[in-house]
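These notes concern the structure reproduced below.
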Amino acid sequence: MKILIDKYGRKIDYLRISVTDRCNLRCIYCIPKCGVLQAVEEEMLNIKEIVSFVKVAFSNGIRKIKITGGEPLLRKDIVELVSCIAEIDSIMDISMTTNGVLIKKFASELKKAGLKRLNISLDSLCSDKYKKITKNGNLEDVVMGIERAMELEFSQIKLNTVIIRGINFDEMLDFVQYSVKTGTIVKFIEYMPSKNSLGGYAKKFVSADEMRLICNEKFSLLPTVVDGNGPAKYYSVYGTNGTIGFVSPLSCKFCSDCNRIRLTSDGRLVSCLYAHDWVDIKNSLRKGPDIDELTKLLFRAIVSKPANHSLIVQDNQMEFCSMMRIGG
Ligand code: SAM
């Protein structure tokens, strides 16, 4: 069995695939200030193209796939795509990150297709605030989606919650309570700079350490281990079924353990969330997939993976990054 190791000795076994750049929400911290330029449909990789690349990635050591977007559930062939990836090999760990608005409708089909785990992005438990953050999303849709996913017993349901001071910082304890009540894993994520319309980044940023102190005011947290792809540090909430995690891309860079590469919906392989360059694989796929050439392109992306992300945090120097396009 092959293993992909980059020049810094990191094992790369995780591929995040953004399957669309369309989204049905307009989260204020995610959407770029300049608006969103969407790729035309023909520019997006089709199922056959994505699967051809995933086969090459799998045969070289990729074992975990995260389907992301945009909003992946907006893609009409999403269930078929999951099913085709699942067919590559039963040991493939396939998960999806979604805003959850459409999950109630798709959860059952996705589970049957082979989706193992779900991350649902949810930044407020209060309907009005949720509407404000997402620019018109309906909290009830997401909550019903989470309940449906729980009924179907996905092997893991994680909620992704980006904490922003002045926006949802005051809801942290409510989220811990939600984890206790439902048994879902709540993952608190540090807000990362991107070209969005929020402004005043430094004042809005909350470090994972500060988040943990807030949670500790009311709950006792015990370090625990949760299966997954990423660098979150997890804690069980003492005496309950609750589990929470903290992801700290800024306050505690975890690049030395980074195990991932990303594929955008228009066929670019990106080796770091904040990279400025990429390796195009669409041309190769559209010529008719050539395994040797695709393998070389995969290796080229891995070789270009930087030791660290070069994120600049000052307000007036935000680096280019469209989470919407690259999928977080
Ligand atoms: N639509 C899907 C979803 O909502 O999960 C997938 C795409 S979304 C861009 C992926 C993740 O990126 C979400 O959990 C979102 O909260 C996160 N995200 C977007 N902008 C962010 C930022 N500036 N800082 C931290 N996380 C961000």
Side-chain angles (χ1 to χ4, degrees), residues 16-33 36 38 65-75 78 95-103 106 110 115 117-124 130 133-135 137-139 141-142 145-146 149 157-165 167-169 171 175 184-202 204-208 211 228-232 245-251 254 260 262-265 270 273-274 309 311-313 315 318-328:
R16 291 179 68 97
I17 309 174
S18 174
V19 296
T20 177
D21 59 0
R22 270 72 167 165
C23 192
N24 45 357
L25 295 181
R26 288 283 172 273
C27 298
I28 48 178
Y29 62 89
C30 183
I31 296 288
K33 210 184 309 189
V36 190
Q38 290 172 329
I65 303 285
K66 172 83 79 197
I67 296 180
T68 175
E71 173 46 43
L73 296 181
L74 287 185
R75 198 167 155 139
I78 190 67
S95 59
M96 176 183 287
T97 178
T98 164
N99 59 35
V101 170
L102 297 170
I103 197 69
F106 286 104
L110 288 169
L115 190 73
R117 298 181 293 113
L118 265 175
N119 285 56
I120 299 177
S121 301
L122 179 62
D123 299 313
S124 179
Y130 183 79
I133 295 173
T134 58
K135 298 252 178 85
N138 180 14
L139 176 64
D141 292 339
V142 186
I146 295 169
I157 302 168
K158 286 184 184 147
L159 306 186
N160 286 356
T161 305
V162 178
I163 294 296
I164 306 177
R165 203 183 305 279
I167 305 273
N168 61 355
F169 181 54
E171 285 195 66
F175 271 104
T184 52
I185 299 167
V186 172
K187 218 166 62 162
F188 293 118
I189 302 173
E190 285 180 356
Y191 170 40
M192 292 184 267
S194 66
K195 287 198 162 173
N196 60 45
S197 52
L198 258 186
Y201 176 77
K204 293 190 169 64
F205 173 78
V206 182
S207 72
M211 294 182 207
N229 306 322
F246 300 94
V247 186
S248 51
L250 290 162
S251 67
F254 38 63
R260 57 190 68 184
R262 295 172 163 85
L263 175 61
T264 64
S265 53
V270 185
L273 185 55
Y274 287 94
H309 69 64
L311 184 58
I312 299 168
V313 186
D315 264 359
M318 289 184 190
E319 294 276 276
F320 168 75
C321 173
S322 169
M323 297 281 183
M324 219 185 134
R325 173 148 286 178
I326 203 168

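Whatever order the structure lists ligands and atoms in, that order sets their numbers, starting from 1. The chain is numbered in sequence order, starting from 1.
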ask   = Is the closest side-chain heavy-atom distance between Thr97 and Ser121 below 4.5 Å?
value = yes
query = Any N/O of Thr97 closer than 3.5 Å to an N/O of ligand 1?
reply = yes
query = Is there a donor-acceptor pair under 3.5 Å between the side chain of Arg75 and the backbone N or O of Val19?
reply = yes
note = Within 4.0 Å of some non-hydrogen atom of Tyr191, the atoms of ligand 1 are 23 (N), 24 (N)
query = At a 4.0 Å threshold, what atoms of ligand 1 neighbour a non-hydrogen atom of Thr68?
reply = 6 (C), 7 (C)
inquiry  = Using a 4.0 Å cutoff against the non-hydrogen atoms of Asn160, which atoms of ligand 1 qualify?
reply    = 14 (O)
message = Suppose we measure from atom 16 (O) of ligand 1 to each protein heavy atom; which comes out shortest, and what is that distance?
response = Tyr29 OH, 2.7 Å
message = Any nitrogen or oxygen of Ser121 lying under 3.5 Å from a nitrogen or oxygen in ligand 1? Just yes or no.
response = yes
query = Who's the nearest protein heavy-atom neighbour of atom 10 (C) of ligand 1, and how far?
reply = Gly327 O, 3.6 Å
Atoms in ligand 1 with a heavy atom of Glu190 nearer than 4.0 Å = 25 (C)
query = Is there a donor-acceptor contact under 3.5 Å from the side chain of Lys204 to the main chain of Gly199?
reply = yes
ask   = Which of the atoms of ligand 1 are close to Glu71, meaning less than 4.0 Å from one of its heavy atoms?
value = 1 (N), 2 (C)
message = Pairing donors with acceptors under 3.5 angstrom, does anything connect the side chains of Thr20 and Glu71?
response = no
Subset of ligand 1 atoms that lie under 4.0 Å from at least one heavy atom of Gly69 = 6 (C), 7 (C)
inquiry  = Side chain, backbone, both or neither: which applies to Asn119 and ligand 1 if a contact is any heavy-atom pair less than 4.0 Å apart?
reply    = neither
note = Closest to atom 12 (O) of ligand 1 among protein heavy atoms sits Gly328 CA, 3.9 Å
request  = Give me the ring orientation class for Phe188 and Phe175: parallel if the planes are under 30° apart, tilted from 30 to 60°, perpendicular past 60°.
outcome  = perpendicular
key: Asn168 side chain to Asp123 backbone, donor-acceptor under 3.5 Å   = yes
ask   = Side chains of Cys23 and Ile31: does their closest heavy-atom pair fall under 4.5 Å?
value = no
task = Provide, to 0.1 Å, the distance between atom 2 (C) of ligand 1 and the closest protein heavy atom, together with that atom's residue and name.
result = Gly70 O, 3.4 Å
Nearest protein heavy atom with distance in Å, relative to atom 26 (N) of ligand 1 = Val162 CG2, 3.4 Å
inquiry  = Using only atom types and a distance under 3.5 Å, with no angle test, would you say the side chain of Tyr201 pairs donor to acceptor with the backbone of Tyr191?
reply    = yes
inquiry  = side chain to side chain contact (heavy atoms under 4.5 Å, CB included), that's the test. Do Asn24 and Leu102 meet it? Break it down for me.
reply    = CA-CA 10 Å; Asn24 45 357; Leu102 297 170; 3.9 Å; yes
task = Select one of side chain, backbone, both or neither to describe which atoms of Asn99 lie under 4.0 Å from any atom of ligand 1, heavy atoms only.
result = both
query = Just wondering, do Ile103 and Ile146 contact through their side chains at under 4.5 Å, heavy atoms?
reply = no
note = atom 9 (C) of ligand 1: closest protein heavy atom, distance to 0.1 Å, is Met323 O, 3.4 Å
Straight-line distance of Cys30 SG to Ile133 CD1, nearest 0.5 Å = 12.5 Å
key: atom 24 (N) of ligand 1: nearest protein contact (heavy atom, Å)   = Met192 N, 2.9 Å
